[in-house]
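Following: one structure in structure tokens, then a few remarks.
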Amino acid sequence: MTASSPYGTSAAQVAAKVIRGRLGDTASTPVVGIVLGSGLGGLATRVAGAVAVPFADVPGFPRATVVGHAGAVIGGTLGGGPVLALAGRFHMYEGHDAALAGFPVRVLHALGVRTLFVSNAAGGIRRSFRPGDLMLIRDHLNLMSRNPLVGVLEPGDERFPDMSAPYDPALAAGLLAAAAALQIPLQEGVYAALLGPTYETPAEVRMLATLGADVVGMSTVPEVIVARALGMRVAGISCVTNLASGISPHPLSHAEVLETTTLVASRFEALVERWVGGLT
Ligand code: HPA
């Protein structure tokens, strides 16, 4: 017998059972699981027939603590397709293990999700990026110095998951097509994840640019790693909420991040809704 992780497969099944009990038939065969980033939770208001299960009611979930994160699992339909959305996520900068940051994805998997959409707020590093740009995530840099899979191998996980295509090209093509149909500009690039909670120094942003990063944030990567270990397909979008440190003409603040997400929310929501509609 090996000790089971508090954020492993069996814990995910316990959480999934509670959520399933609360949601009933709502989103019983989800076409996609959606992780909503800081300030992007408004997408939940477009979910038809929504049933919300507060994070506080889910075994194994701590309460979300960051302003801009409501903290609920929401079942319903979006663009006609059954979805499960996580409004809120667990960040490592809150003191959480990487395994906990990825745990909600295990729970989504236990609920039948096989396609995951992740979103986040991020600082723009590529010089042509402007606050309010949306960026399709083509690849990422895990600079968090942690990996959610460290430890005992969970049932269903790969021990050494391939990461040569973490973001699914066919799903990405669908997002680009949905963006084109709606005439929403969609950039493409690489997301660098740092631990936070400090924003970067200008020297760190120059380093990240040298490493090939187009945007920088403090989330998403643990979730994507868990999803890939479970064989899920992943797509993601970063919302460029500010120019990164040293590029921005003013100091960075969470208030600016949330302000920008408010401005782009309707574009973001329309894009995701259209894309999900095409998945069914
Ligand atoms: N850096 C890190 N995380 C972020 C940023 C940033 O500039 N903007 C929003 N999240």
Side-chain angles (χ1 to χ4, degrees), residues 34-43 64-71 86-96 98 101-102 104 117-146 148 167 186-225 236-265 267-269 271-272:
I34 298 172
V35 183
L36 295 169
S38 285
L40 300 172
L43 183 65
T65 57
V66 184
V67 178
H69 289 267
L86 298 168
R89 54 155 53 104
F90 305 121
H91 299 89
M92 288 167 59
Y93 62 70
E94 295 172 271
H96 300 313
F117 175 82
V118 288
S119 62
N120 55 54
I125 295 176
R126 200 193 297 171
R127 290 292 171 151
S128 59
F129 283 3
R130 294 287 166 266
D133 281 353
L134 297 175
M135 187 197 85
L136 178 71
I137 306 174
R138 280 291 186 189
D139 204 346
H140 71 225
L141 292 165
N142 180 9
L143 300 172
M144 300 178 121
S145 305
R146 296 284 186 281
Y167 300 86
L186 186 57
Q187 313 284 350
E188 302 179 44
V190 173
Y191 175 86
L194 272 65
L195 182 59
T198 47
Y199 290 115
E200 300 68 38
T201 66
E204 287 165 346
V205 168
R206 289 194 296 276
M207 172 190 75
L208 293 171
T210 305
L211 294 178
D214 297 299
V215 297
V216 56
M218 307 174 191
S219 69
T220 304
V221 161
E223 296 149 4
V224 172
I225 289 174
I237 288 183
S238 288
C239 171
V240 178
T241 52
N242 56 280
L243 300 179
S245 174
I247 304 171
S248 172
H250 50 258
L252 275 50
S253 73
H254 193 54
E256 180 188 7
V257 168
L258 294 182
E259 204 178 302
T260 308
T261 54
T262 310
L263 298 177
V264 301
R267 259 185 296 151
F268 170 80
E269 292 167 16
L271 172 55
V272 179

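All figures in this text were calculated on a predicted structure; none of them were measured in a lab. Ligands are counted one by one from 1 in listed order, and the atoms in each one are counted from 1 as well.
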Passing option when I34 is tested against L86, V118, L43 for side-chain contact (heavy atoms from CB on, under 4.5 Å): L43
Shortest non-hydrogen contact from E94 toward H91: OE1-N, 2.8 Å
Where L195 and M218 come nearest, the two heavy atoms and their spacing: O-CB, 4.2 Å
Neighbour count >12 (heavy atoms, 6.0 Å) for atom CZ, R146: no
S219 and N120 side chains, donor-acceptor separation under 3.5 Å: no
Residues in side chain to side chain donor-acceptor pair (under 3.5 Å) contact with R267, at least two apart in sequence or another chain: none
Atom-level proximity to ligand 1, residues with heavy atom under 4.0 Å: A121, A122, G123, Y199, E200, V216, G217, M218, T241, N242, L252, V257
